[in-house]
Amino acid sequence: MLTYLLCLVLFCVGLYAILRKRNIIKIIIGVVICEYAVNLFLIVFGYRANGRSPIYSQDQKIIDMVDPLPQACAMTSIVMGLAITALLVAIAIRIYEKYSTFDITKIRKLKG
Amino acid sequence: MIELNLLLIFIIIAAIVAIEVKDLLSAVVAVGVSGFGLCITFLTLKAPDLAITQLVVEILCLIILIRATIRLDLPFSTSGRWFVNTFITLVFVAVFFYCGYKALNSLPQFGNPIMKVSQFYLTEGTLEKIHATNLVSAINLNFRAYDALGEATALFAAAIGVMALMRRKGKKTPGEKESDG
């Protein structure tokens, strides 16, 4: 239960950064932290106490290993997170070239 | 599992440092510390494939973020309605945390996963058909191959988006007409 709560705290840290910070890079960092928290929660959810890695062998039973399905899903999620970060950073660099600032309150003109 | 909780607290401290430090390059390095801590946590949670993937992705993510922040570092002002904004944000985060805490009570206990779908994947005689020893890649590439296909599609879409955003405008040769562009 404490482990689930720590994952929730990590997600809340990222949410605070997204909502409160005014620098675009800090907002991107908040998105990355949220993504870490969600991946971590998936893996913690599939953990079995004193389990072993999900690698098949002859003399081991299925019942004493961790759940391989959340790991397969989280692997997709991690790679997608890299694509999201790259796209966000590209948008941030274009905004900096156009407005010469990272401050979101200074970006007012929508065209021009 | 005391070491798991200690690692999680380490990641949380690194994340708080990353969002509160003034210098942007220091913030990027701190989020890298958080990601490598996550990699060690995956190893502790018996997920070696994820640890490898997280390591590679973390290094690439660090390179991309440093490309965004290098030579662009600038101090940003904290003027404006500082107190009101912080208060509203903290209230929202507190409500979210309370609802999440209530929802966590309905989950199974830590260390006892349900494994309903995994049992179906592993015990229906499918493992002998696959002849794979690594179950994570077996599930990812056999049972959930459409997930991998969608992931590749989204990855290429993101790559096209980055290319379209970062494209430089081509220089015109002197003899070229203006209307061609």
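Below, read A as the first sequence line, B as the second, and so on, with proteins coming before strands; counting in each chain starts at 1.
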Using 0.5 Å steps for rounding, measure from the [atom1] atom of [X] to the [atom2] atom of [Y].
X	Y	atom1	atom2	value
B:N112	A:F45	CG	CZ	11.0 Å
B:I19	A:N23	CD1	CG	12.5 Å
A:N39	B:L50	CG	CG	8.0 Å
B:L104	A:M1	CG	CE	4.5 Å
B:L8	A:L2	CG	CG	8.5 Å
A:R48	B:K46	CZ	NZ	12.5 Å

Quiz item: In the single-linkage hydrophobic clustering (I, L, V, M, F, W, Y; side-chain heavy atoms under 4.5 Å), do A:L87 and A:V89 co-cluster?
Solution: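 Per the 4.5 Å side-chain linkage, A:L87 and A:V89 are co-clustered.
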Quiz prompt | Verify same cluster id: B:L55, B:V57 (apolar side-chain graph, 4.5 Å) | solution = no
Quiz prompt | B:C61 and its side chain to side chain contact (heavy atoms under 4.5 Å, CB included) partner, picked from A:I28, A:I78, A:L82 | solution =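 That would be A:L82; it is the only one of A:I28, A:I78, A:L82 passing the side chain to side chain contact (heavy atoms under 4.5 Å, CB included) with B:C61.
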Practice problem: State, yes or no, whether a side-chain contact exists between A:M65 and B:L135 at a heavy-atom distance under 4.5 Å. | Solution: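 Yes, side chains in contact.
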Quiz item: Would you say the side chain of B:N140 lies within less than 4.5 Å of the side chain of A:M75, judging by non-hydrogen atoms?
Solution: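 A side-chain contact under 4.5 Å exists here.
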Quiz item: Pick from A:N50, A:I91, A:L40: which one has the most heavy-atom pairs with chain B under 4.5 Å?
Solution: A:L40
Quiz item: For the candidates A:T85, A:T76, A:V44, A:L88, which exhibits the highest count of non-hydrogen atom pairs separated by less than 4.5 Å from chain B?
Solution: A:T76
Practice problem: Measure A:A86 against the heavy atoms of chain B and call it side chain, backbone, both or neither at under 4.5 Å. | Solution: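 When you check distances to chain B, atoms from both the backbone and side chain of A:A86 fall under 4.5 Å.
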Self-check item: A:I84 portion near chain B, given a 4.5 angstrom heavy-atom threshold
Solution: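 For A:I84, there is no contact with chain B at all, as no heavy atom is under 4.5 Å.
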Self-check item: Per-residue contacts, residues 4-13 of chain A versus chain B, heavy atoms under 4.5 Å
Solution: A:Y4, A:L5, A:L6, A:L8, A:V9, A:L10, A:F11, A:C12, A:V13
Quiz prompt | NZ/NE/NH1/NH2 to OD/OE distance under 4.0 Å, A:K21 and B:E20 | solution =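 Counted as a salt bridge, because a side-chain N and a carboxylate O are separated by less than 4.0 Å.
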Practice problem: Determine the minimum heavy-atom distance between B:E151 and A:M80, stating which atoms define it. | Solution: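 Looks like O-SD, 3.8 Å.
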Quiz prompt | chain A contact via B:I88 - which portion, at a heavy-atom distance below 4.5 Å | solution = neither
Practice problem: Give, as side chain, backbone, both or neither, the part of B:F96 having an atom under 4.5 angstrom from any heavy atom of chain A. | Solution: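 Contact with chain A is through the side chain of B:F96 alone.
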